[in-house]
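When a residue number appears, it is its place in the shown sequence, counting from 1. These numbers were taken from a predicted model, which means no experiment stands behind them.
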Amino acid sequence: MSDSTLIYLMGAGRSGTTILATLLGNIDGVRNLGELHQLPEHVLGEKNCSCGKELYMCPFWSENASELELFKFSEYGKAASDLENHSKILGYFFKNKKNEIYSRANQELLDKVLNNDQFVVDSAKYIGRALALKYNTDFNIKYIYVVRDPRGVIDSFSKNVQTKKSFFSSIFYYAAVNFLASLVSNTLLKGKVLKVRYEDVIGSPEDTLRTISAFIGAPVDDLISKLNAGDELDMGHIIGGNRIRDSGKVKFNPKDKWRDKMSTLRSFSAYLILLPFCMINRYKL
């Protein structure tokens, strides 16, 4: 087992994992790779790196060309679907699901990257992938479970960008994903997960980064200095992510605007329906 560490971000979509991954990727010795469950689409040329180039033309990913080839095969796609899909998660409680093709592809790529960087971030979010990596690789993995106020997630899904969801569809999705994330965090991954609230990332970045630093073992003083100075952050060469991924460099100045836009009725309804999650994660009406 390598001394290097894979940092895996999990949680519901629209919960701020891209922002957190960007912050982590600007820590010395940490490489943010983005959402690696999307690698097959990118390898086949259906999507580009955040730098705008196809992976085999990208200055970073082209250095890992031979490892990327393993993600092209349909057998890998079938294995990933069987291991990572939300519907497969409960199966891990009865069997440590393994697949040689899936294991080899992820092991060889991450071995190569981790040979140059002490830490690598995979912000795929999928709880199924979190478990698949645990049982199909030999990495030291640190899991960070990112949670956000459900009303912020619902508001984000209401926007006509990427995958749009209706009010009730967003509620069902939020409840399902966060139930599974909480269940797995307290059972199969017990003692290996740090829960981080998106609101703390944007509201108290220094304190939150120091908490994360103690968990993963990476120094954050230089990054905190950059944030305090208002310096731009490098997006790097990432897979997936939201609209900020194509910015190249960004300033850390996120705002949570859902309270100014969501109606009182909609906000109260979402809060009431998802009350257990709101109480557990200290969200107020």
Test log, rule side-chain hydrogen bond (donor to acceptor under 3.5 Å, both in side chains), inputs R14 and Y173:
CA-CA 11 Å; R14 312 300 177 92; Y173 167 79; over 6 Å; no
Do V113 and V120 have side-chain heavy atoms sitting under 4.5 Å apart?
yes
Residues that K72 engages under salt bridge (charged side-chain N to carboxylate O under 4.0 Å, His left out), provided they are two or more places apart
E69
Would you say that L20 contacts T18 through its side chain, given a criterion of any heavy-atom pair below 4.5 Å between the two side chains?
no
Hey, are the side chains of I273 and F168 touching, using non-hydrogen atoms and a 4.5 Å cut-off?
yes
Do L6 and D122 come close enough that some side-chain heavy atom pair is under 4.5 Å?
yes
Salt-bridge criterion met for R210 and D221 (N-O under 4.0 Å)
yes
Less than 3.5 Å apart, which donor and acceptor atoms pair up between the side chains of residues 249-261 and the rest of the protein, not counting sequence neighbours?
| residue | atom | partner | partner atom | Å |
| --- | --- | --- | --- | --- |
| D256 | OD1 | R148 | NH2 | 2.6 |
| K261 | NZ | D155 | OD2 | 3.4 |

Cationic tip of K192 within the cone over Y143's six-membered ring, i.e. under 6.0 Å and within 45° of the normal?
no
Evaluate the criterion side-chain hydrogen bond (donor to acceptor under 3.5 Å, both in side chains) for residue pair N140 and T5; output intermediate values, then yes/no.
CA-CA 5 Å; N140 175 34; T5 298; 2.9 Å; yes
Going by heavy atoms in the side chains, are L83 and K98 under 4.5 Å from each other?
no
Is L285 isolated, or which residues cluster with it under the ILVMFWY side-chain rule of less than 4.5 Å, directly or via members?
F268, Y271, L272, L275, M279
With the side chain counted from C-beta on, respond yes when L183 and L90 share a heavy-atom pair under 4.5 Å apart, and no when they do not.
yes
Looking at F215, does the NZ or CZ of K142 lie under 6.0 angstrom from its six-membered ring centre and within 45 degrees of the ring axis?
yes
In terms of relative ring orientation, are H86 and Y126 parallel, tilted or perpendicular, with 30° and 60° separating the classes?
tilted
Would you say that T187 contacts F93 through its side chain, given a criterion of any heavy-atom pair below 4.5 Å between the two side chains?
yes
Would you call D231-K226 a salt bridge at under 4.0 Å N-O?
no
Check the pair Y102, E75 against side-chain hydrogen bond (donor to acceptor under 3.5 Å, both in side chains), reporting the backbone distance first and the verdict last.
CA-CA 9 Å; Y102 182 91; E75 289 82 359; over 6 Å; no
Does the Lys NZ or Arg CZ of K97 fall within the cation-pi geometry relative to Y135 - under 6.0 Å from the ring centre and within 45° of the axis?
no
